[in-house]
Amino acid sequence: MDWGMKNRISKIIRPEDGRTVMLAIDHGYFLGPTQKLENPGKIIKPLLPYADSLMLTRGILRTSLNPSVNIPIVLRVSGGSSVIGEDLSNESLTTSVEDALKLNVSCVALSIFVGSKYEHRTLKNLAKLVDECERFGIPVLAVTAVGKEMTRDYRYLALSCRIAAELGAHIVKTYYCENFDRVVEGCPVPIVVAGGKKFPEPEDALRLAYEAVEHGAAGVDMGRNIWQSDFPIAMIKAIRSIVHGNSTVKEASEIFIQEKETIQNTVKTA
């Protein structure tokens, strides 16, 4: 692996502990103006100090993030289908590697849909992207998206993660499941766990982060469970305490409550 590739990966996954807290705000590429992400720039600004990297599209990067902000960017480069379309797996590469270089990103990301109608296309997208990115030392993150008919179990996720790694992905994003340590064992590159839909209670998201890193994940790539929270700063601080501080779920919950109360008291006295 070239120096440039290693350097970019070290900006995503902290070398001192091999962990990462990625903040995902790329949902609009297929969901449109998602609740509480209608104004991306406003919602992400106070969260940036606590995220190791930011995952988003080039459109939101150019319109919603100040270029002077020093945060590693994971650029989504696949898309082409919407939530109301026939099949979300019908994706293509939507952003060139040249544009990614112009944007000075640290990593590019795309989805693969193993077992879907368009499996072949998405896997070819990954292989092609890896070929192009290897020329310039840009790591590729493969997102193991799950179609409507797919089950998020060990067998499916292990299959998807291994295929992504076999095709050259440098990092894989997937879901947490039972026997997750076996998914990690079968994947020779770092895995980050998706937050998924917002949980009913903050503790549920904290438990997901704890279980993920406890069973071998390099960290999390969370979105809705952070910025859809009523107290997003408190949530990302609590998540960070688990990933980088080895906090238990109870300790992280206490951090969340303390931060929440501080915010509430500040509002009252303002």
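A pairwise comparison of heavy atoms in Pro40 and Ile60 identifies CB-CG2, 3.8 Å as the closest pair. Closest non-hydrogen pair, Gln35 versus Trp227, comes out as O-CZ3, 3.4 Å. Listed here is the closest heavy atom pair of Ala238 and Leu206: CB-CD2, 3.7 Å. The nearest pair of heavy atoms linking Glu119 to Thr122 is O-OG1, 3.0 Å. Nearest heavy-atom pair across Glu203 and Val249 is CG-CG1, 3.7 Å. In terms of heavy-atom proximity, Val183 sits nearest to Cys177 at CG2-SG, 3.9 Å.
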Open item on the list: Assess the residue pair Val74 and Met22 against the criterion (side chain to side chain contact (heavy atoms under 4.5 Å, CB included)); give the C-alpha distance rounded to whole Å, side-chain angles, the decisive distance to 0.1 Å, and a yes or no.
Closed with: CA-CA 9 Å; Val74 178; Met22 300 172 64; 3.7 Å; yes
TODO: Run the numbers on His215 and Asn179 for side chain to side chain contact (heavy atoms under 4.5 Å, CB included), then give the verdict.
DONE: CA-CA 9 Å; His215 291 95; Asn179 298 313; over 6 Å; no
Open item on the list: Between Glu166 and Arg162, does the salt bridge (charged side-chain N to carboxylate O under 4.0 Å, His left out) criterion hold? Intermediate values first, please.
Closed with: CA-CA 6 Å; Glu166 294 272 356; Arg162 181 56 175 263; 2.8 Å; yes
TODO: Starting from the C-alpha separation in whole Å, work towards a yes-or-no answer on side chain to side chain contact (heavy atoms under 4.5 Å, CB included) for Phe180 and Tyr154.
DONE: CA-CA 7 Å; Phe180 186 74; Tyr154 152 71; over 6 Å; no
TODO: Test side chain to side chain contact (heavy atoms under 4.5 Å, CB included) on Val220 and Val192 and set out the steps.
DONE: CA-CA 5 Å; Val220 296; Val192 294; over 6 Å; no
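Side chain of Glu251 to backbone of Thr248: a donor-acceptor contact under 3.5 angstrom is found. In this structure a side-chain-to-backbone donor-acceptor pair under 3.5 Å is missing from Asp2 to Gly4. Side chain of Ser229 to backbone of Met235: no donor-acceptor contact under 3.5 angstrom is found. Without hydrogens or angle criteria, Ser247 side chain to Ser241 main chain gives a donor-acceptor distance under 3.5 Å. Asp153 contributes a side-chain N or O that, together with a main-chain N or O of Tyr156, makes up a donor-acceptor pair within less than 3.5 Å. Between the side chain of Asn90 and the main chain of Tyr118, no donor-acceptor pair closer than 3.5 Å is present. Side-chain atoms of Arg8 come within 3.5 Å of backbone atoms of Gly137 as a donor-acceptor pair (strictly under, hydrogens ignored). Between the side chain of Arg224 and the main chain of Lys198, no donor-acceptor pair closer than 3.5 Å is present. The backbone N or O of Ala205 lies less than 3.5 Å from no partner atom in the side chain of Asn225, so there is not a single donor-acceptor pair. A donor-acceptor pair is defined here as one N or O able to donate and one able to accept, closer than 3.5 Å; such a pair exists between the side chain of Thr94 and the backbone of Val77.
Note that CG of Leu75 and CZ of Arg58 are 8.0 Å apart. Values are rounded to the nearest 0.5 Å. Rounded to the nearest 0.5 Å, atoms CD1 (Ile257) and CD (Gln264) are 10.5 Å apart. Distance CG/Asn66 to CG/Leu48: 10.0 Å, rounded to 0.5 Å. Once rounded to the nearest 0.5 Å, the distance linking CD of Gln258 with OG of Ser253 reads 11.0 Å. How far CD1 of Ile255 is from CD of Glu259: 8.0 Å, rounded to the nearest 0.5 Å. The SG atom of Cys161 lies 13.5 Å from the CZ atom of Arg182; values are rounded to the nearest 0.5 Å.
Put simply, the residue from Leu93, Val130, Leu141 that forms a side chain to side chain contact (heavy atoms under 4.5 Å, CB included) with Leu110 is Leu93.
In terms of hydrophobic clustering, with Ile, Leu, Val, Met, Phe, Trp and Tyr side chains grouped at heavy-atom distances under 4.5 Å, Val184 and Leu159 are assigned to a common cluster.
Looking at Arg207 and Asp204, a side-chain N of the basic residue comes within less than 4.0 Å of a carboxylate O on the acidic one, giving a salt bridge. A salt bridge links Asp221 with Lys173: at least one charged nitrogen is closer than 4.0 Å to a carboxylate oxygen. Using a cut-off of 4.0 Å between Lys/Arg side-chain N and Asp/Glu carboxylate O, Lys117 and Glu86 are scored as salt-bridged.
The side chain to side chain donor-acceptor pair (under 3.5 Å) pairs that include a residue from residues 134-144 are Glu134-His170, Thr144-Thr174, where partners are two or more places apart or lie in different chains.
Annotation: side chain to side chain donor-acceptor pair (under 3.5 Å) contacts of Lys36 (sequence neighbours excluded): Asp230. Applying the side chain to side chain donor-acceptor pair (under 3.5 Å) test to Asp52 and every residue at least two apart in sequence or in another chain returns Arg240, His244.
The number of heavy-atom neighbours closer than 6.0 Å to CZ of Arg62, taken from other residues, nucleotides and ligands shown, is above 12. At most 12 heavy atoms of other shown residues, nucleotides or ligands fall within 6.0 angstrom of atom CD in Glu98.
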